[in-house]
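A quick write-up on the structure given underneath.
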2 protein chains.
Amino acid sequence: MRIVYHLPLSPFSRKVRLALGEKKLAFELQIENVWQRRDEFLALNPAGQVPVLLDGEMAVSDSTAIFEYLEETYTDPMLIGDTPVVRAEARRLAFWFDLKFFSEVTANILDEKIMKRFHGGGEPDSERIRLGKNNIHYHLEYIGFLTERRNWLAGDNLTCADLAAVAHLSVIDYLGDVPWDEHIEAKSWYVRLKSRPSFQPLLTDRIAGVLPARAYTDLDF
Amino acid sequence: MRIVYHLPLSPFSRKVRLALGEKKLAFELQIENVWQRRDEFLALNPAGQVPVLLDGEMAVSDSTAIFEYLEETYTDPMLIGDTPVVRAEARRLAFWFDLKFFSEVTANILDEKIMKRFHGGGEPDSERIRLGKNNIHYHLEYIGFLTERRNWLAGDNLTCADLAAVAHLSVIDYLGDVPWDEHIEAKSWYVRLKSRPSFQPLLTDRIAGVLPARAYTDLDF
């Protein structure tokens, strides 16, 4: 059986779960508390991070490496794009969200609201949370800009760009910190993704002691 | 003509230059002072970062996206690997260096020694430099561990793993901060890379006001 080692609010794990869902590949989820640094897990991924995909004998680490592996191994549907131009654009945008959105938004909000709560580090730094909440606006504007011109972020079809973006946003949405009402185009793109079958398992994720925001599971938010 | 927008000490630009060199693809280098945020450059890459590859009509941003583009477009020699197992391992290790080594070593040393000097930010923080110099040891040990078991980092052949690793290390080596003599296996792997034709252009890079360390250009260091 295919296994994904993950954490419920890890955006990188979510990206992989969405890709598997879109390709209709069955898998089991296994929570990996990475801070415990289990020897068996470090043998799979010396970097000690989730996600890791076990696909039969294959162990694949790093969400982008997993994405490329899935695309090469299970080609239907294609999720990176079918022309060099779209593939370059899809990958560029996936890294935009995995690197830039992550460092400017996800990390600021998630570290302070969740990581510190469970793994020490003292009181949440409200300045960092405020920074993350400020930064999110221009990313949502960018999504709006792109989807006014294209069906999905990188072109006609759904790609890793959409899945990376929605993976990050869904985590912030769990915490109730996405100002959807100020970004109608981005919201309508998010609604389309949120209603896809691949997204439904994410809506049942829960972490101990932190309930999701009221609208998180609501398809008509 | 193919153009690479770059900065001389950008490890991500260097990775792309090495890939082009290994694939024997001619290109022109153009320095992009990203902090000037030129409109024409932002139109190519809204993230405002180097490297960007212009290949005819194609503009490709993000070093990993460029790498995948080159691999798909110019297949000889393959630089990601020829089997799923090697491709997963090569990508895992490339991200190890592009994310983990970068944040633990490159960013600490380069930000403090170079970025602050040219772009403000005050005096170099010697604590951060010390941290980067401490962290480099276990990465060099890891390279030694891998190359005792394999010809190159990910297997029998040179891959993106080697090129990512050497791109970062070559920047630190410019500054003279790689403790080669304490890591003989890593050094012998680096010597093999440093003598390849693709590496030679990197040895002539210079930035104003900062001479490279004495051994930087020396093939028998």
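- For the pair A:Arg2 and A:Tyr69, the cation does not sit on the ring face, since its NZ or CZ is not both under 6.0 Å from the ring centre and inside 45° of the axis.
- Using a 4.5 Å cut-off between heavy atoms, A:Ile66 does not touch chain B at all.
- Residue B:Ile80 does not touch chain A at all, counting heavy-atom pairs closer than 4.5 Å.
- Under the ring-ring contact (aromatic ring centres under 6.0 Å, His included) test applied with A:Trp96, the options A:Phe101, A:Phe102, A:Tyr142 reduce to a single match, A:Tyr142.
- Salt-bridge check for A:Arg91 with B:Asp62: failed, with every basic side-chain N at 4.0 Å or more from each acidic carboxylate O.
- The closest side-chain donor-acceptor pair between A:Tyr5 and A:Asn45, if any, does not fall under 3.5 angstrom.
- Between A:Arg130 and A:Asn135, the side chains place no donor N or O within less than 3.5 Å of an acceptor N or O (distance only, hydrogens not considered).
- Counting heavy-atom pairs under 4.5 Å between each of A:Pro46, A:Pro84, A:Ala65 and chain B puts A:Pro46 at the top.
- Taking NZ of B:Lys133 as the reference point, atom CG of B:Asn108 lies at 12.0 Å (rounded to 0.5 Å).
- Between chain A and the options B:Lys100, B:Glu68, B:Glu89, the largest number of non-hydrogen pairs under 4.5 Å is found for B:Glu68.
- Neither the backbone nor the side chain of B:Gln49 comes within contact range of chain A; no heavy atom of the residue lies under 4.5 Å from a heavy atom of that chain.
- Of the listed residues (B:Thr64, B:Leu99, B:Thr73), the one with the most heavy-atom contacts under 4.5 Å to chain A is B:Thr64.
- Your options are B:Ala90, B:Ala88, B:Ala47, and the one with the most heavy-atom pairs under 4.5 Å with chain A is B:Ala47.
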